[in-house]
Structures are given as C-alpha cells and as structure tokens.
Amino acid sequence: MGGILTIDRKQFIETAKKSAGGRNVIAVVKNNAYNYGLEFAVKAFGEAGIHSFATTSLDEAKRIRMYAPDALIFIMNPVRNFEAVYEYDLHVTLPSPEYYYEHQEALSGVNVHLEFAGLFNRSGFEDASAMIEVLEHQKSLDAGKRMNIKGIWTHFGYADELDMDEYGIERGMWQELLNMLNEAGHTFEIIHAQNSASFARDGLLDGHTHLRLGISLYGSRPYSILPEADYMQSLELKAEIVQIRNIKADQRCGYGGSYEPGHDSRIAVVDIGYGDGVLRKRAAFDCLINSRRYPIKSLMMSHMIVEIDDDVSIGDEVILYNDEMRIDEFTAKGVGANSEQLGALNYQSLKKVILNDSGIHQ
Ligand SMILES: Cc1ncc(COP(=O)(O)O)c(C=O)c1O
C-alpha cells in the first residue's frame with residue numbers, strides 16, 4: 001500500500017490561524033498545497049479566515065476558483081493564457097517590461113501585481129525606473145485599455161538563511177524601491193513580500209498589506225530556534241511492518257547487500273520507500289515504533305529496513321513523521337527543506353486520511 005498520510009483537519013486550521021496571527025495572508029498553495037491536498041487546504045484555510053491564495057500553476061488556480069469562489073487568486077508565474085485569466089478572474093504577476101510590452105493589449109482589464117526581482121532574481125523588474133516607465137505608459141492609454149494595477153510584490157530569497165547578511169540587503173532594496181515609487185506618486189492596494197521566515201524575523205513590515213506565507217501555515221518552523229508550540233504540525237506519515245526477520249552476523253540484505261549489520265540482528269521490513277516519497281537523507285535517521293526510536297538501515301523503492309528489538313511485532317506502526325518526529329526536526333538535521341520533504345511525498349501511492357472535527361476518519 002505504501003504508507004498512510006493522516007492530516008488532522010482541526011489542528012491544520014488552528015495552526016493556520018495561529019501562524020497568520022489575524023493578519024491578511026495570501027496562502028501559498030502551490031504544488032498541491034505543499035502536498036497537503038489543494039482542495040483540502042483551500043477549504044481549511046478558508047475556515048481559518050484566509051481567503052487569498054497564490055500558486056505558480058494555472059491549473060491549480062482554476063481549481064482554487066472552484067473551491068473558493070470569492071477568493072483572490074494570484075499566479076506567481078508569468079501567464080500567457082489570458083482567456084483563462086479573465087474567465088477565472090485571476091490576479092497575475094507582471095514580471096518584466098518585456099512581458100508588459102509584448103502582452104499590453106491582452107493585459108487590459110487584468111489585475112496585475114508588479115514584481116521586483118531583488119536579490120532573489122528569479123523574475124521581476126530590476127529597478128524602480130523600469131516600473132515607473134510602465135506605470136507612466138499605462139497612464140498615457142485610454143482608461144478602457146489599461147491594466148488594473150492592484151499590487152506590487154517581491155520574494156526574499158535569503159529570509160531563511162539566518163547566518164547570511166543578504167536578507168537585510170534585499171529587504172533594504174525592496175523598501176527603497178517602495179519609497180521611490182511612493183515619491184513618484186505610485187501607491188498600491190496590495191503590497192506583499194514576506195514568506196514565513198521573513199514574518200517570523202520581522203513581523204509584518206511597514207506599509208505591507210499582506211503576508212505571503214507557505215510553510216508556517218502548514219505547521220513547520222521556517223528555522224529551528226522558533227518554539228515548536230507556535231507551529232503545530234497536523235500531519236502524520238506511517239507505514240506497516242510487513243515482515244520481521246532475523247539476520248545473522250555474516251548475512252546481508254537489500255539491493256547490493258546494502259544492509260550489513262555485522263552482528264546478529266532483528267529487522268522489520270516496512271511497507272514504504274523512496275517511491276512513496278521518503279527521502280534518502282531522511283532514511284539516515286530514526287523512525288518511531290511504539291513511541292521508541294529505531295534506526296532505519298536501508299531504503300528501497302517500496303520498502304525500508306529498520307533494525308528493531310524483541311519489543312516490536314508485526315502489525316506495529318512505523319512512524320516517519322508526527323508531532324514527535326517533526327518535519328522541521330529533519331530539516332535542522334540536514335535532510336532537506338521542510339517543503340522538500342513535503343513536496344517529495346507521493347500523493348498517488350500514499351493512502352490519505354483526513355481526521356475531521358469529531359476525530360472520525362473520512
Ligand atoms: C514566491 C513565493 N512566495 C512565498 C513562498 C512561501 O514561502 P514559505 O513556504 O517559506 O513561507 C514561496 C515558497 O516557495 C514562494 O515561492
């Protein structure tokens with residue numbers, strides 16, 4: 001079967017509420033809502049009071065419109081299918097002057113957010129003067145031909161790196177850009193820049209209307225010195241033991257004899273592997289069986305081998321992630337970013353269970 005991914009809906013909503021702290025939030029729900037499930041997440045965020053969403057995918061944006069008819073939906077990637085933008089009433093990024101001049105006619109009436117490249121530099125205008133040129137060009141057009149310039153945004157690529165100075169630099173560049181636009185008479189209804197780490201570090205920055213949060217809404221700490229209680233995880237990943245075997249000191253097991261205990265040992269063969277989304281680096285650490293930690297010794301596509309003792313039996317649950325084995329614990333141990341561990345989970349092969357408000361499996 002390949003593991004069971006369980007999400008506690010009530011906890012998910014509480015975590016999102018706490019993380020948003022009553023502020024306006026655009027929830028980042030790209031990549032199937034960090035693999036919590038797009039429909040589940042959009043509806044649950046709605047109950048947490050979050051009604052704005054950002055994704056990189058037009059297909060996801062269309063689905064969000066089905067789940068949240070009145071939501072603000074922002075596409076962070078440049079979009080070229082403008083029919084869909086009108087039909088689904090989407091907000092889109094304006095990523096460069098070149099894009100603007102190429103699509104100027106199609107953009108008329110579209111809700112756009114100007115994007116600043118900053119140090120992250122994946123996309124966006126390079127400076128205030130390039131933005132002002134476009135803004136002035138808009139003013140020169142008949143009202144019916146103009147875009148709806150709703151917002152302005154950037155992404156801080158260094159906010160998660162506590163040991164680097166660049167975050168302060170990119171934040172300064174962004175604030176200077178906003179000041180220059182302001183002085184030139186350009187103000188915006190929606191201003192958003194901060195991801196989870198930036199918000200945890202600085203609170204909502206002056207003049208900003210929205211946060212644009214991902215990982216903290218999903219219950220992982222953007223960096224490990226933050227209190228766990230402020231970021232409660234609502235997810236558990238577990239799998240069944242399908243066999244228990246005794247391995248002699250001179251035996252090996254797994255592909256290419258990958259597990260070579262060198263002593264008599266007892267192992268559990270567990271029904272989950274990298275094909276289900278367990279990262280190889282995650283398998284360098286422990287799992288939890290009956291509330292005790294046991295070492296994972298080998299990872300295959302559909303199985304993993306755990307060294308156990310006599311206290312473990314067939315039918316015991318093997319837990320890879322839960323409240324005690326938090327995703328962010330393994331981020332801090334170098335397994336990969338929180339979103340990398342979540343994003344790897346195979347939504348097709350894992351069985352998904354949502355615990356609803358009364359604790360009943362759906
Ligand atoms: C453009 C953009 N904004 C916001 C976020 C949310 O970041 P985080 O999950 O760190 O809160 C992401 C995530 O990758 C992103 O790409």
Side-chain angles (χ1 to χ4, degrees), residues 12 15-21 23-36 38 41-42 45 48 50 52-58 60-61 64 72-79 90-96 112-125 151-162 164 166-167 170-171 174 190-205 208-226 230-231 233-235 326-328 331-332 336-345:
F12 183 93
T15 299
K17 266 191 198 159
K18 183 154 196 172
S19 172
R23 297 187 165 83
N24 285 331
V25 166
I26 301 173
V28 179
V29 291
K30 62 184 183 171
N31 293 84
N32 198 29
Y34 289 44
N35 255 341
Y36 277 77
L38 187 64
V42 166
F45 283 146
I50 298 171
S52 303
F53 301 96
T55 178
T56 47
S57 138
L58 186 55
E60 284 191 340
I64 297 168
L72 184 161
I73 304 169
F74 175 56
I75 307 218
M76 301 187 282
N77 271 357
V79 179
L90 306 174
H91 289 220
V92 302
T93 185
L94 193 74
S96 65
V112 300
H113 298 211
L114 270 73
E115 179 177 358
F116 174 54
L119 286 189
F120 188 50
N121 222 359
R122 182 167 67 184
S123 173
F125 286 67
I152 186 162
W153 73 293
T154 193
H155 187 47
F156 296 136
Y158 293 87
D160 294 63
E161 315 300 332
L162 295 190
M164 296 174 83
E166 278 82 350
Y167 172 58
E170 62 185 351
R171 192 185 51 200
W174 166 242
I190 307 175
I191 302 178
H192 51 109
Q194 295 177 268
N195 70 347
S196 304
S198 169
F199 179 45
R201 291 173 77 156
D202 288 334
L204 183 68
L205 291 173
H208 288 60
T209 62
H210 288 69
L211 299 159
R212 202 178 54 253
L213 304 179
I215 201 63
S216 62
L217 295 178
Y218 299 101
S220 291
R221 292 170 298 168
Y223 48 91
S224 61
I225 54 173
L226 295 165
D230 290 349
Y231 302 84
Q233 202 176 261
S234 57
L235 164 147
R326 296 173 54 97
I327 287 168
D328 53 32
T331 303
N338 295 310
S339 55
E340 195 177 333
Q341 293 176 69
L342 285 168
L345 298 178

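Numbers here simply count residues along the sequence, with the first being 1. Keep in mind the model is a prediction, meaning the values are calculated, not measured. Read the numbers this way: they start at 1 and go in the same order the structure lists the ligands and their atoms.
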Heavy-atom closest contact (Ala61 atom, Ile75 atom, distance):
CB-CD1, 3.5 Å

Any nitrogen or oxygen of Leu213, main chain or side chain, under 3.5 Å from a nitrogen or oxygen of ligand 1?
no

Closest non-hydrogen protein atom to atom 16 (O) of ligand 1, residue and atom name please, with distance?
Lys30 NZ, 3.0 Å

Looking at Tyr167, is Arg171 sitting on its ring face, NZ or CZ under 6.0 Å from the six-membered ring centre and within 45 degrees of the normal?
yes

Heavy atom of the protein closest to atom 11 (O) of ligand 1 (residue, atom name, distance)
Ser196 OG, 2.5 Å

Given Tyr34, which of Val29, Ile327, Leu235, Ile215 fulfils the side chain to side chain contact (heavy atoms under 4.5 Å, CB included) condition?
Ile215

Suppose we measure from atom 3 (N) of ligand 1 to each protein heavy atom; which comes out shortest, and what is that distance?
Arg212 NE, 2.9 Å

A student checking ligand 1 against Met76 at a 4.0 Å heavy-atom cut-off should list atoms 1 (C), 2 (C)

Given the side-chain rings of Tyr218 and Phe45, with only the six-membered ring counted for Trp, is the space between their centroids under 6.0 Å?
yes

For a quick check under 3.5 Å, do Arg23 and His210 share a side-chain donor-acceptor pair by atom type?
no

Do His208 and Trp153 meet the criterion of a side-chain donor-acceptor pair at a distance under 3.5 Å?
no

Heavy-atom pairs closer than 4.0 Å: do any link ligand 1 to the side chain of Trp153, the backbone, both, or neither?
side chain

heavy-atom search around atom 9 (O) of ligand 1 in the protein gives Tyr34 OH, 2.6 Å

Look at atom 12 (C) of ligand 1 and say which protein heavy atom is nearest, naming residue and atom and giving the distance to 0.1 Å.
His155 CE1, 3.7 Å

Do you know which two heavy atoms are closest between Thr55 and Glu60, and how far apart they sit?
OG1-OE1, 2.6 Å

Any heavy atom of Arg122 closer to ligand 1 than 4.0 angstrom?
yes

Cut-off 3.5 Å, side chains only: do Asn338 and Thr331 have a donor facing an acceptor?
yes

In the protein, what heavy atom is nearest to atom 10 (O) of ligand 1, and what distance, to one decimal place, separates them?
Asn195 ND2, 3.3 Å

May I ask you to check whether Ala197 has an N/O atom sitting below 3.5 Å from an N/O atom of ligand 1?
no

Side chain or backbone of Val28 under 4.0 Å from ligand 1, or both, or neither, by non-hydrogen atoms?
side chain

